[in-house]
Amino acid sequence: MRPSLPTPFRLEIRHLLTNILALLFWLIPVMAHAQLDFSGGVVEQQLDKPLVTAQSLFSITSARAGSSHRAAVVVDMANGWHINSAHPLQGYLIPAKVEFDTTAQFQPRNLAYPGSEEATLAGEVMSVYSGHAVITFDVSVSPDVAAGEYTLPVRFTYQPCNNKECRAPQTLDVGLKIAVGDEGTPINGDIFGSSTTTAPDSKSAQTITETNDIQRLINRHGVWGYFIALGLAFVTGLLLSFSPCTYPMIPITVSIFAGQQRSIGKGFVLSLFYVGSMAAVYGIMGLIVASVGGVFGAWLASTPVVIGITVIFVIFALSMFGLYELQVPAWLRQRLGARASAGGVGGSIILGVVAALVVSPCVGPFVAGILLYIATSGSPLIGFAVLFVFALGLGTLYVIVGTFSSAINALPGSGMWMEAVKQFFGYVLLLMAVFFLRTIVPTTITAIATGLILIAFAVFWGGLDKLTSESRFFPRLKKFLGIVAVIVATYLLLGALVQSGLILPPLQELLPSGSVRTGESEVSLIAWQTDLEQGLQQARTAGRPVLIDTWATWCVNCRVLEKRTFHNAQVAAEAGRFLPIKVQLETSDSPITKGFMMRFGLKFYSLPTTLLIDSSGKVQRIMQGVVEPAEMLTEMRKVN
């Protein structure tokens, strides 16, 4: 006979077993849910620790009113993660960016981003920061600031990625704490070293953020970037000097420098002062705009100003087409000519300043376009140099005419040639109007408008006219430019029709799967649908499993997944029995994203995310990040 345990002891064992079983039943769904939420809870552990942290640091314990000190935003990234640099090589990526709210007490300046490193994903080189990054800037304290504790509003925007997934762009508030009072002692020496103050003429004061095309050109090509930027400015001015609306100033120039039997040498010297004073006016304009770039840039970015500038461009363009004339008033030209007898260096300088202000109405819109880039450079030196050299190009014709007054006879007269040049500049002005308008209208509208303008240019400018064996250089040049314009216009219009449609649905919905374009503008082997509800309904009706891929325009790993996995022939063939749906989840807080996450039980927002749903509508697999073709194929074959 087997010995029996005491009753109380049996009850304790039974109670213990019951608790263990209850614990197991509780753990099973939790573990299953952890498996559902992107494989094993690795990301859950990362959620406890932020992927990116940032803080603002000051170089001194207390700043004296009227002083200037160094500061920095220090960024730390989790192991295996990186953020896009301040100057990503791909336009669709979100750059790292530090922004300030300038206050009456503190003025931040000389923002400088660190050097980036290169990372390669799917054969595409990217500019990133990883590990630790320090973004420095200077803070000037106003002389009338009272002693006390202050906070300068600072924001840091970034987009984190690793080799498999990307998270949504984030903006952190990293306000800089500043104590104002007696001069304090240096702190954070590991960041700033022993120096805490910065003088306006110090090396750091000339550090510029690469936030515009001019500075990007300089940073990318080194010292040659300066020559390229200034060369482009000079060539632009030189081309504009041959525009029809500069011609009314040529007789004035001749009367100034060719009167009183002046020699070639004296005419050359006077014309240099004339053009130099003209260039100085433009240079000062660039210097002022670059110095107040933030205000000017914000003003130009506002919708009413953009519309106003666009209207001005159109008005000038219509004048080039002959609807009306815009030129320097005749009375002003006569008065300038009458004063030419004053002569001398002083007279040349004064008349050069006047000519800069009234030289030609059609130069204004082009100068506005240059000012838009200068406004974001943050460098008064670059602002002055670019517009100064632009004006030198604009005045080159005046130097030639002023030096060799007989050169005016070599200039082309009025006639068909001059009318063609006027019309050419008219179309250029219309394209610039569309360029300014692109910030407030959809990309599709911009592409269609540009395509239509180019087609009009090719047709009405004579670019499609028939040539003969006797045709000279200019008709052949018109023919060449017309053909190029038609090719570019066709590309833009077909691209807009394929991706977005116009009146009819997008053409991509009517094309076979081999020619379909995805939301990322990649040619795909899979005929993705973009309407989630409609796709799920079709799958239920047909009894088909569903393949869902999520993406966003800023998600580089989404492009990697598309290129590496969904472009794989075997994966695309297996996807043929699925109903494939591609869902754009651009931001984490959008109603579409929130509804999608709630519907499929996703706890956090991470892209790319691939869902496999069986024919009964049950989610069988949720995969995070870039999934290799072999793994994707294996998982897809498990779903019926």
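Atoms considered below: every heavy atom in the structure, side chains included; atoms not considered: hydrogens, waters and symmetry mates.
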Completion exercise
From the list Leu387, Val389, Val386, side chain to side chain contact (heavy atoms under 4.5 Å, CB included) partner of Tyr282 resolves to Leu387
Practice task
Please name the pair of heavy atoms, one in Pro108 and one in Phe137, separated by the smallest distance, quoted to 0.1 Å.
Solution key: CB-CD1, 4.4 Å
Exercise for the section: With the side chain counted from C-beta on, respond yes when Gln159 and Cys166 share a heavy-atom pair under 4.5 Å apart, and no when they do not. Expected result: yes
Handout entry: Residue pair Glu99 / Thr171, side-chain heavy-atom distance below 4.5 Å
Key = no
Fill in the blank from the handout: On a heavy-atom basis, the closest approach of Ile94 and Pro169 is CG1-CG, 3.7 Å
Practice task
Take atom CZ of Phe273 as the centre, draw a 6.0 Å sphere, and report whether it contains more than 12 heavy atoms from other residues, nucleotides or ligands.
Solution key: no
For a quick test of your reading: what N or O donor-acceptor pairs under 3.5 Å do the side chains of residues 471-495 make, sequence neighbours left out?
| residue | atom | partner | partner atom | Å |
| --- | --- | --- | --- | --- |
| Ser471 | OG | Thr468 | N | 2.9 |
| Ser471 | OG | Thr468 | O | 3.1 |
| Ser471 | OG | Thr468 | OG1 | 3.3 |
| Arg476 | NE | Ser471 | O | 3.1 |
| Arg476 | NH2 | Thr468 | O | 3.4 |
| Lys478 | NZ | Trp461 | O | 3.3 |
| Lys479 | NZ | Asp465 | O | 3.1 |
| Thr490 | OG1 | Val486 | O | 2.7 |

Completion exercise
Scanning both residues in full, the closest heavy-atom pair of Ala552 with Leu585 reads CB-O, 3.7 Å
Exercise for the section: State whether the side chain of Tyr113 and the backbone N or O of Val98 hold a donor-acceptor pair below 3.5 Å, judged by distance alone. Expected result: yes
Practice task
Kindly indicate whether the side chain of Phe100, heavy atoms from C-beta on, has any atom under 4.5 Å from the side chain of Val154.
Solution key: yes
Handout entry: Heavy atoms from other residues, nucleotides or ligands near CZ of Phe321 exceed 12 (cutoff 6.0 Å)
Key = yes
Problem - Nearest-0.5 Å distance, CG of residue Asn84 to OH of residue Tyr158 - result: 12.5 Å
Fill in the blank from the handout: Nearest heavy-atom contact between Thr593 and Thr587 is OG1-O, 2.6 Å
Problem - Side chain proximity check, Val434 to Leu430, heavy atoms < 4.5 angstrom - result: no
Handout entry: Side-chain touch Thr446/Leu437, heavy atoms, less than 4.5 angstrom
Key = no
Handout entry: Close side-chain approach of Phe457 and Gln423, heavy atoms under 4.5 Å
Key = no
Exercise for the section: Kindly give the heavy-atom pair with the smallest separation between Met126 and Leu93, and that separation in Å. Expected result: CE-CD1, 3.4 Å
Fill in the blank from the handout: Between Ala86 and Pro95 the two heavy atoms that sit nearest each other are O-CB, 3.5 Å
Handout entry: Side-chain heavy atoms of Arg109 within contact of Ser140, under 4.5 Å
Key = yes
Practice task
Compute whether any side-chain donor of one residue and acceptor of the other, for Gln584 and Thr530, lie under 3.5 angstrom apart.
Solution key: no
Fill in the blank from the handout: One should read off an interatomic distance between Ile453 CD1 and Leu431 CG, to the nearest 0.5 angstrom, of 5.0 Å
